[in-house]
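Since the structure comes first, as structure tokens, the remarks are kept for the end.
Index from 1, following the sequence.
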Amino acid sequence: MSTTRPVFYVSDGTGITAETIGHSLLTQFSGTQFSTHRIPFVDSVERAREVADRIRIAGQAQGVRPIVVNSSVDPEISAAIAQSGALMLDVFAPFIAPLEAELGEQRQPKVGQAHGMVDFETYHRRINAMNFALTHDDGMSINYDAADVILVAVSRAGKTPTCIYLALHHGVSAANYPLTDEDLEHDRLPPRLRPYRSRLFGLTIDPQRLHQIRQERRPDSRYAKLETCQREVIAAEKLFRAERIPVLSTTHVSIEEISSKVMSTLGIQRVMY
């Protein structure tokens, strides 16, 4: 019987950096099972010692050495966490010395700075983009003049989470339009989308996977039937081809990858927050 390896994403901030990098690393090892835990805001040595005890206990319970992906910038905090006996993977360590040498200055560690508010302009851009995504979700608002991108797809193909990710991490104003039965009867864009075709991006999905997702939401409904999913996906893909709308299948792709592909295809240049 295989043992599950405990993995801890530890940070003095939100832990998003450690988790993002750690997840990318772990996906390279499909032969090992991992149980992952994010521990944010470890901003004191005392707190770090408590976390080290938790990590040590988890390792003892599983009978294996835990793994820690650490993005804490304070060396004392990192040292206290290392007392857990875990394999320590420091996110920043490989890059600090080369940067210090190149820039001719020593780093100045500031706890919680990695995801701090850079300035009010970027902060408000993210907030405004999030509000835009929420008010333009599933066609609730159809004024797309301020949209950077409009995701078009059948229901439950991944439009909403992608829009939220684009807003939260890139400040992109993303709307989404759900294709209705009426829309799918024609091989052309709905009239309200035609003025914005340069901002459109289509999402598709394997009908079997769509059936599973819809079955969880509305069990045994006509909406969730495999035949319905197959018909809608075929019609949507036919529309995308006819209108030459760029399209990506979300079946086996992460939200991060979808977002990157959307931005790259449409030429949207934004930094990641």
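The backbone N or O of Gln83 sits less than 3.5 Å from a side-chain atom of Arg56, completing a donor-acceptor pair. A side-chain donor-acceptor contact under 3.5 Å links Thr27 to the backbone of Ser24. Here the side chain of Thr162 pairs a donor or acceptor atom with the backbone of Gly158 at under 3.5 angstrom. Without hydrogens or angle criteria, Thr228 side chain to Ala224 main chain gives no donor-acceptor distance under 3.5 Å.
In this structure, Arg5 forms no cation-pi arrangement with Phe34, as its terminal cationic atom is not both closer than 6.0 Å to the ring centre and no more than 45° off the ring axis.
To the nearest 0.5 Å, the span separating CD on Gln62 from OG1 on Thr4 amounts to 5.5 Å. Note that CD1 of Ile81 and CG of Asp90 are 9.5 Å apart. Values are rounded to the nearest 0.5 Å. Atom NZ of Lys238 sits about 8.0 Å away from atom CZ of Arg241, to the nearest 0.5 Å. Put simply, CG on Leu239 and CD1 on Ile245 are 7.5 Å apart, with the number rounded to the nearest 0.5 Å. Ser249 contributes atom OG, which lies 7.0 Å from atom CD1 of Ile205 (distance to the nearest 0.5 angstrom). Atoms CD and NE2, from Glu19 and His37 in turn, are 11.5 Å apart once rounded to the nearest 0.5 Å.
Following chains of ILVMFWY side-chain contacts shorter than 4.5 Å, one cannot reach Val64 starting from Phe29, and the two form parts of different hydrophobic clusters. Linking Ile, Leu, Val, Met, Phe, Trp and Tyr residues whenever their side-chain heavy atoms come within less than 4.5 Å places Val69 and Ile96 in a single cluster. In this structure, Leu166 is not a member of the same hydrophobic cluster as Phe132, with clusters built from ILVMFWY side-chain heavy atoms closer than 4.5 Å. Ile55 and Phe41 are members of different hydrophobic clusters when ILVMFWY side chains are connected at heavy-atom separations under 4.5 Å. In terms of hydrophobic clustering, with Ile, Leu, Val, Met, Phe, Trp and Tyr side chains grouped at heavy-atom distances under 4.5 Å, Leu25 and Ile67 are assigned to a common cluster.
Taking the side chain as every heavy atom from C-beta outward, Ile150 and Asn176 never approach each other to under 4.5 Å. At a threshold of 4.5 Å between non-hydrogen side-chain atoms, the residues Ser11 and Asn70 do not count as touching. Within the 4.5 Å cutoff, no side-chain heavy atoms of Val152 are placed close to those of Leu203. By the 4.5 Å heavy-atom criterion applied to side chains, Leu184 and Thr180 are not counted as neighbours. Side chains of Ile268 and Val172 form a contact here, defined as non-hydrogen atoms less than 4.5 Å apart. Contact of the Tyr177 side chain with the Lys159 side chain is not registered, since no non-hydrogen atoms from C-beta on lie closer than 4.5 Å. Taking 4.5 Å as the limit, some side-chain heavy atom of Phe92 sits within range of a side-chain heavy atom of Val73.
Listed here is the closest heavy atom pair of Ala80 and Ala52: O-CB, 3.5 Å. Across every non-hydrogen atom of Gly13 and Pro40, the tightest pair is O-CB, 3.2 Å. Pairing each heavy atom of His136 with each of Asn143, the nearest pair is NE2-O, 2.9 Å. Shortest non-hydrogen contact noted between Ala18 and Tyr9 is O-CD2, 3.6 Å. Closest approach of Ile39 and Arg47 over heavy atoms only: CG2-NH2, 3.6 Å. The shortest non-hydrogen separation linking Ile77 to Asp43 is CD1-C, 3.7 Å.
Between Arg214 and Glu232 there is a salt bridge, since at least one side-chain N of the basic residue sits less than 4.0 Å from a carboxylate O of the acidic one.
Crowding of His23 atom NE2: a count of heavy atoms from other residues, nucleotides or ligands under 6.0 Å not exceeding 12. Summarising the local packing, CD of Glu46 is surrounded by 12 or fewer heavy atoms from other residues, nucleotides or ligands at distances under 6.0 Å. For CZ of Arg192, the number of neighbouring non-hydrogen atoms (other residues, nucleotides, ligands) closer than 6.0 Å is 12 at most. Atom CD of Glu185 is surrounded by more than 12 heavy atoms from other residues, nucleotides or ligands within 6.0 Å. Surrounding CD of Gln208 are more than 12 heavy atoms belonging to other residues, nucleotides or ligands, all under 6.0 Å away.
For residues 193-206, the salt bridge (Lys or Arg N to Asp or Glu O under 4.0 Å) pairs, not counting sequence neighbours, are Arg197-Glu243.
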Apply the test side-chain contact (heavy atoms from CB on, under 4.5 Å) to residues Val262 and Leu248: give CA-CA distance (whole Å), side-chain angles for both, the deciding distance (0.1 Å), then the verdict.
CA-CA 9 Å; Val262 169; Leu248 176 70; 5.9 Å; no

Taking it one step at a time, do Phe201 and Met263 satisfy side-chain contact (heavy atoms from CB on, under 4.5 Å)?
CA-CA 10 Å; Phe201 193 100; Met263 294 175 64; over 6 Å; no

Trace of the side-chain contact (heavy atoms from CB on, under 4.5 Å) decision for Ser173 with Asn128
CA-CA 8 Å; Ser173 293; Asn128 290 336; over 6 Å; no

Show the numbers, then the answer: is there a side-chain contact (heavy atoms from CB on, under 4.5 Å) between Ser155 and Tyr223?
CA-CA 9 Å; Ser155 174; Tyr223 165 81; 2.6 Å; yes

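For the residue pair Glu237 / Thr204, a side-chain donor-acceptor distance below 3.5 Å is found, with atom types taken as modelled. Side chain to side chain, Glu257 and Ser260 fail the donor-acceptor criterion of an N or O pair below 3.5 Å. Between Asp220 and Gln215, the side chains place a donor N or O and an acceptor N or O closer than 3.5 Å (distance only, hydrogens not considered). Side-chain N/O atoms of Asp12 and Ser72 include no donor and acceptor closer than 3.5 Å.
Ring planes of Tyr144 and Tyr196: perpendicular class, angle over 60° (limits at 30 and 60°).
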